[in-house]
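The block underneath contains the structure these notes are about, expressed in structure tokens.
Note that the structure is a prediction, hence the values are computed from the model and not measured.
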Amino acid sequence: MRIWILLLLGVLSAQGKEDCHFSGIEEFKRQLLLGSPIEEEISAQYESASSFVEKAKQRPNPNAEFEYQRGDQFGLEVNTYNLKLLHTLELGSKREKRIRESMAKEELTKSKLSLSQAEFYLSALIDYRRAQQLELQIKAIKEASATYENIINKLSKRKRLTPEERVSLSTLKLAQGDYEGRLHELVHEKETLIVKVSFWARCQDPKFQYSVVSYPKLPHFELDAAKGLAKIEKGRVEMARASLDVQKSLGYSDLKVGPLLNYQQQGQDEFLSAGIGITFNAPVFHTNQGGKALAAKKLMQEKVSAKNNLELMRLKLKKELHVYEHSLEALKKMPKLKEVAKKHQEAEALFKRGVIPIPMVIETHRQHVEYLKAWFEIENDILKSLKEIYLMTEKKELIDKIFN
């Protein structure tokens, strides 16, 4: 898998238009808004959705029938020509109801695409933020591993070790092995994110520099039936209702009406006749009761589903707002990243001077690595909650307030 990632990175490096030298997540966001491959794909789907109504407006083409017969009557050659032109009249307001159904389908499809577009932007920004986090985590683990390696080399050169030093040497080797495993996992995750960012931003060799983001408090949002996922639930019900109207219209037979022409030639005699043709399907066996019943049940199903989903969304929105607020409070109670980095640098200087015992060296680095992991996990909970809140409320100010 890693080989494929490296190969893809090579392709992107060859095809990228420019380096991904973004000063921060805000600049990356602006690049996404300028256009990405995903944006192009969604735009193409928008164009496709706009054709639903155009297709529904089409009227049936006229039906033309022509017949030629040749025979013999008492030695006379007989040629008969029949021409029938029929125009279809759609009874039951079929065309109008078909158009309304296509409009409902177009509205629902565009609502889904709009939300998919927002979900892509949010996911891309969260992934970019994760790549920034990985920069610090990888740096911290490399630093700890290098420090352990240095101490291991020094202890290994000694001919005799105290019991405490032997235990420390064994512990250091285990800790270094654990960090090597973590480093492999984090580097692999970063490589995956590099591929994504390079593809989305149409560039190459992205660099990530972590910067602190101030996350604001959020007001108490309520679910709006005209926005977000709730709008899609409403659109599904409207689509099912429009489909039921279409099925009702199909219970009426179409009427085909048009002129009939008959020309017959018997020897030297010619006969011409004209009339009107009317064709329709007699409703003897059914008036589309099955189709209407199925569509009615589908409408009822969508109503029940929408009701349940909206209720679940209200509970989920309340929960995500609570998670966001609780995570925000947790971050505020934790020491700031700058403070932790400063204290760790001071401790690292003491390690190099050899005035700190080995167990304290191990514990300090372990706490630093675990602290970064805990901080980023809480930050990611904030970002994931933000994404879910946006998809349910479609409050555009959420993105503007946070990703800047």
Side-chain angles (χ1 to χ4, degrees), residues 41 43-113 235-302:
E41 184 178 336
S43 296
Q45 292 177 13
Y46 263 107
E47 292 296 325
S48 177
S50 300
S51 301
F52 293 152
V53 176
E54 182 179 351
K55 180 181 177 182
K57 288 181 177 179
Q58 293 179 156
R59 298 179 184 274
N61 288 320
N63 181 263
E65 294 183 14
F66 176 77
E67 293 180 356
Y68 167 70
Q69 294 177 325
R70 181 175 180 176
D72 181 87
Q73 185 175 10
F74 305 112
L76 292 177
E77 183 180 298
V78 179
N79 295 295
T80 304
Y81 304 86
N82 291 305
L83 178 63
K84 182 191 298 184
L85 296 174
L86 298 178
H87 176 68
T88 301
L89 300 177
E90 295 183 282
L91 303 182
S93 302
K94 287 188 182 67
R95 183 169 179 269
E96 291 78 4
K97 292 177 180 178
R98 188 170 63 242
I99 291 173
R100 281 199 291 269
E101 181 190 35
S102 65
M103 291 174 67
K105 184 178 180 181
E106 179 181 348
E107 181 67 21
L108 176 59
T109 302
K110 288 186 175 180
S111 295
K112 289 180 179 179
L113 289 173
R236 286 197 180 102
V237 174
E238 293 302 318
M239 178 72 185
R241 183 176 286 112
S243 296
L244 175 58
D245 289 339
V246 168
Q247 292 300 317
K248 288 180 179 179
S249 71
L250 294 177
Y252 296 88
S253 175
D254 289 340
L255 195 64
K256 295 184 178 181
V257 181
L260 302 177
L261 293 176
N262 177 271
Y263 173 75
Q264 190 175 77
Q265 185 180 38
Q266 296 182 9
Q268 299 298 320
D269 297 325
E270 296 180 351
F271 303 93
L272 179 65
S273 60
I276 296 177
I278 299 177
T279 303
F280 65 94
N281 295 325
V284 176
F285 297 111
H286 71 84
T287 56
N288 198 35
Q289 294 301 320
K292 288 185 279 189
L294 182 61
K297 290 177 181 178
K298 179 66 175 177
L299 174 59
M300 182 60 65
Q301 174 189 328
E302 291 294 348

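In this structure, Glu302 pairs ionically with Lys298, as a charged nitrogen and a carboxylate oxygen lie closer than 4.0 Å. Ion pair Arg100/Glu96 not flagged as a salt bridge, since none of the NZ, NE, NH1 or NH2 atoms sits closer than 4.0 Å to an Asp/Glu carboxylate oxygen. Salt bridge Arg241/Glu238: present, at least one basic N to carboxylate O contact under 4.0 Å.
The closest donor-acceptor contact from the side chain of Ser48 to the backbone of Ala44 lies at 3.5 Å or more, if one exists at all. The backbone N or O of Gly251 sits nowhere less than 3.5 Å from a side-chain atom of Thr287 that would complete a donor-acceptor pair. With Asn288 contributing its side chain and Gln247 its backbone, the two residues share a donor-acceptor pair below 3.5 Å.
A pairwise comparison of heavy atoms in Glu77 and Asn79 identifies OE2-ND2, 3.1 Å as the closest pair. In this structure, Gly258 and Leu86 approach most closely via the heavy-atom pair N-CD2, 3.5 Å. Taking each heavy atom of Leu85 and Ala64 in turn, the nearest pair found is CD2-CB, 3.6 Å. Nearest approach of Ser249 to Gly92, heavy atoms of both residues: CB-O, 3.2 Å. Across Ser50 and Lys110, no two heavy atoms sit closer than the pair OG-NZ, 3.3 Å. Across all non-hydrogen atoms, the minimal contact from Leu244 to Ala296 is CD1-N, 3.6 Å.
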| request: Report the C-alpha separation of Gln266 and Phe271 in whole Å, then their side-chain angles, then the decisive distance to 0.1 Å, and conclude whether the side chain to side chain contact (heavy atoms under 4.5 Å, CB included) test is met. | output: CA-CA 8 Å; Gln266 296 182 9; Phe271 303 93; 4.1 Å; yes

| said: Determine whether Thr80 and Tyr68 satisfy the following criterion, side chain to side chain contact (heavy atoms under 4.5 Å, CB included), listing intermediate values before the conclusion. | reply: CA-CA 6 Å; Thr80 304; Tyr68 167 70; over 6 Å; no

| message | Does Ile278 form a side chain to side chain contact (heavy atoms under 4.5 Å, CB included) with Leu255? I'd like the steps, not just the answer. | response | CA-CA 7 Å; Ile278 299 177; Leu255 195 64; 3.7 Å; yes

| task | Report the C-alpha distance between Ser102 and Lys55 in whole Å, list the side-chain angles of each, state the deciding distance to 0.1 Å, and finish with yes or no for side chain to side chain contact (heavy atoms under 4.5 Å, CB included). | result | CA-CA 8 Å; Ser102 65; Lys55 180 181 177 182; over 6 Å; no

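In this structure, Thr109 OG1 and Phe52 CZ are separated by 4.5 Å, a value rounded to the nearest 0.5 Å. In this structure, the separation between CG on Asn82 and OH on Tyr263 is 13.0 Å, given to the nearest 0.5 Å. In this structure, CG in Leu299 is found 12.0 Å from CE in Met239, a value given to the nearest 0.5 Å. The structure places CD of Glu54 at 11.5 Å from CD1 of Ile99, a figure rounded to the nearest 0.5 Å. Distance check: Leu294 CG to Gln289 CD gives 12.5 Å after rounding to the nearest 0.5 Å.
The local environment of NZ in Lys292 is crowded, with over 12 non-hydrogen atoms from other residues, nucleotides or ligands closer than 6.0 Å. A 6.0 Å sphere centred on OH of Tyr252 holds no more than 12 heavy atoms belonging to other residues, nucleotides or ligands. Remark: Leu272 CG is packed, more than 12 non-hydrogen atoms of other residues, nucleotides or ligands lying under 6.0 Å away. Annotation: Gln301, atom CD; neighbour count of heavy atoms from other residues, nucleotides and ligands within 6.0 Å is above 12. Annotation for Lys97: atom NZ counts as buried by contact number, over 12 foreign heavy atoms lying within 6.0 Å.
At least one side-chain heavy atom of Ile276 sits less than 4.5 Å from a side-chain heavy atom of Val257. Between Lys112 and Arg236 the shortest side-chain heavy-atom distance falls below 4.5 Å. Lys256 has its side chain out of reach of Leu89: every pair of non-hydrogen atoms, C-beta onward, lies at least 4.5 Å apart.
Listed by first and then second residue, the side-chain hydrogen bond (donor to acceptor under 3.5 Å, both in side chains) pairs that reach into residues 84-95 are Glu90-Arg98, Lys94-Asp254, sequence neighbours excluded.
Applying the side-chain hydrogen bond (donor to acceptor under 3.5 Å, both in side chains) rule to Ser51 yields no partners; only residues at least two apart in sequence or on another chain are considered.
Side chains of Tyr81 and Gln264: no donor on one and acceptor on the other come within 3.5 Å.
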